> 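To start, I am sharing the structure in question, which I have written as structure tokens.
This structure is a prediction, so every number in the text was calculated from the model and none was measured. Position 1 is the first residue of the sequence, and the numbers go up from there. The analysis underlying the following values was restricted to heavy atoms, covering all of them including side chains, and did not include hydrogens, waters or symmetry mates.
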Amino acid sequence: MQGCQIHIKDNLRLINGEMIFQSTDDKTDLSHSIEDAVFGGSHTYSTTKAFHALRGVKLKDAGSTTHTYVVKLLKTSFYDYDNDREHNPYQYTFSYRPHIIHPNKDGTMPKVTSHYVRVKYNYSPLVVEYHEYYNTLYDLVTNTIAYGGGLFTTVEVLHRAAISGATFIKDTCNKK
């Protein structure tokens, strides 16, 4: 039996809440896989696992259990200076908790009115901000000259140490 595929694009308010996918009978198999879950907008830098933590989650042969995902969202702010735009994807982590229905002591299954997959989401009050900084031509030239000067100074110190060492060894050998 082939399951259904759900694509959701929703603008969630910045308050904690939950999304529930519910079955109306107790025979429905709620096995599922999550291709990807993205919260907020996208950005070039938002391709890491922190922005796609639920990507690839697969629960097969889960039966008619109830599944609860708790997602913690952290707003991340990228400012694109080239296009003068701000992007706000959300980094997130999640935890998963199944609710498996166990039989009663007499062996009968308890009556459960519905099975569901629930995604609870909680927003963090913190914000992570990323800023791009570029060096000016002046900084580049100044740093290059400073590195070159430091390199020549180090080479000169080593050269003088080698000459002094050679002179010391030569004088010591000639005294004997």
Side-chain angles (χ1 to χ4, degrees), residues 1-137 139-140 143:
M1 180 179 190
Q2 180 71 17
C4 61
Q5 188 172 16
I6 300 171
H7 295 274
I8 298 172
K9 183 171 183 174
D10 193 7
N11 291 327
L12 303 174
R13 291 186 192 171
L14 294 178
I15 57 173
N16 300 336
E18 60 184 36
M19 293 182 285
I20 298 176
F21 305 96
Q22 187 170 357
S23 167
T24 56
D25 63 5
D26 60 350
K27 295 178 179 68
T28 304
D29 184 6
L30 290 177
S31 298
H32 58 279
S33 65
I34 301 173
E35 268 186 45
D36 200 3
V38 178
F39 296 91
S42 63
H43 188 267
T44 322
Y45 299 121
S46 63
T47 57
T48 62
K49 182 75 172 166
F51 296 94
H52 302 276
L54 282 168
R55 179 184 285 168
V57 170
K58 293 181 181 173
L59 295 171
K60 295 189 179 200
D61 301 324
S64 58
T65 60
T66 298
H67 308 276
T68 302
Y69 293 92
V70 178
V71 178
K72 302 287 185 180
L73 299 162
L74 175 65
K75 183 177 180 180
T76 308
S77 176
F78 293 101
Y79 190 78
D80 187 1
Y81 290 102
D82 295 334
N83 299 325
D84 198 31
R85 285 189 58 205
E86 186 176 9
H87 302 278
N88 295 310
Y90 285 84
Q91 298 182 46
Y92 65 95
T93 59
F94 76 96
S95 63
Y96 168 73
R97 184 181 69 221
H99 176 71
I100 301 171
I101 301 162
H102 299 286
N104 294 329
K105 290 183 181 181
D106 60 359
T108 61
M109 291 300 283
K111 181 68 176 157
V112 177
T113 56
S114 65
H115 301 281
Y116 54 85
V117 175
R118 176 174 41 194
V119 179
K120 291 181 177 182
Y121 52 92
N122 300 319
Y123 288 94
S124 172
L126 304 175
V127 176
V128 176
E129 291 186 356
Y130 289 99
H131 294 278
E132 296 178 3
Y133 292 105
Y134 298 102
N135 290 336
T136 62
L137 181 61
D139 291 336
L140 179 67
N143 286 340

> Give the minimum heavy-atom separation between His67 and Tyr96, together with the two atoms involved.
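For His67 versus Tyr96, the nearest heavy atoms are ND1-OH, 2.6 Å.
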> Would you say Val71 and Val119 make side-chain contact, with heavy atoms under 4.5 Å?
yes
> Strictly under 6.0 Å, is that where the ring centroids of Tyr92 and Phe39 end up?
yes
> Who pairs with Arg55 by side-chain contact (heavy atoms from CB on, under 4.5 Å), at least two apart in sequence or on another chain?
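For Arg55, the residues satisfying side-chain contact (heavy atoms from CB on, under 4.5 Å) (neighbours in sequence not counted) are Asp36, His52.
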> Set out, in order, the CA-CA distance, both residues' side-chain angles and the distance that settles side-chain contact (heavy atoms from CB on, under 4.5 Å) for Leu73 and Asn122, then state yes or no.
CA-CA 6 Å; Leu73 299 162; Asn122 300 319; over 6 Å; no
> With a 6.0 Å cut-off (strictly less than), is the heavy-atom count around CD of Glu18, excluding the residue itself, greater than 12?
yes
> Does atom NZ of Lys49 have more than 12 heavy-atom neighbours, drawn from other residues, nucleotides or ligands, at distances under 6.0 Å?
yes
> Can you tell which of Tyr121, Phe51, Tyr123 makes a ring pair (Phe, Tyr, Trp, His ring centres under 6.0 Å) with Tyr90?
Tyr123
> I'd like to check Val57 versus Tyr69 (side-chain heavy atoms, cut-off strictly below 4.5 Å). Are they in contact?
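They are in contact (side-chain heavy atoms under 4.5 Å apart), so the answer is yes.
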> May I ask you to test the His32-Val117 pair for a side-chain heavy-atom distance under 4.5 Å?
yes
> In Å and rounded to the nearest 0.5 Å, what is the OG1 to CD distance from Thr76 to Gln91?
3.5 Å
> Got a sec, which residues hit salt bridge (Lys or Arg N to Asp or Glu O under 4.0 Å) with Arg85, two or more places apart in sequence or on another chain?
none
> Are the side chains of Glu86 and Ser77 in touch, meaning some heavy atoms are under 4.5 Å apart?
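Yes. Closest side-chain heavy atoms under 4.5 Å.
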> With heavy-atom distances below 4.5 Å as the criterion, would you say the side chains of Leu74 and Leu126 are in contact?
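Sidechains of Leu126 and Leu74: in contact.
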> Taking the six-membered ring for Trp and the full ring for Phe, Tyr or His, determine whether the centres of His87 and Tyr130 are under 6.0 Å apart.
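No, ring centres 6.0 Å or more apart.
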> Taking all non-hydrogen atoms of both residues, which atom of Tyr116 and which atom of Gln22 are closest, and how far apart?
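Heavy-atom minimum between the residues: CB-CA, 3.9 Å.
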> Partners of Phe94 by ring-ring contact (aromatic ring centres under 6.0 Å, His included), sequence neighbours excluded?
none
> Please round to the nearest 0.5 Å and tell me the distance separating atom OG of Ser124 and atom NZ of Lys72.
9.0 Å
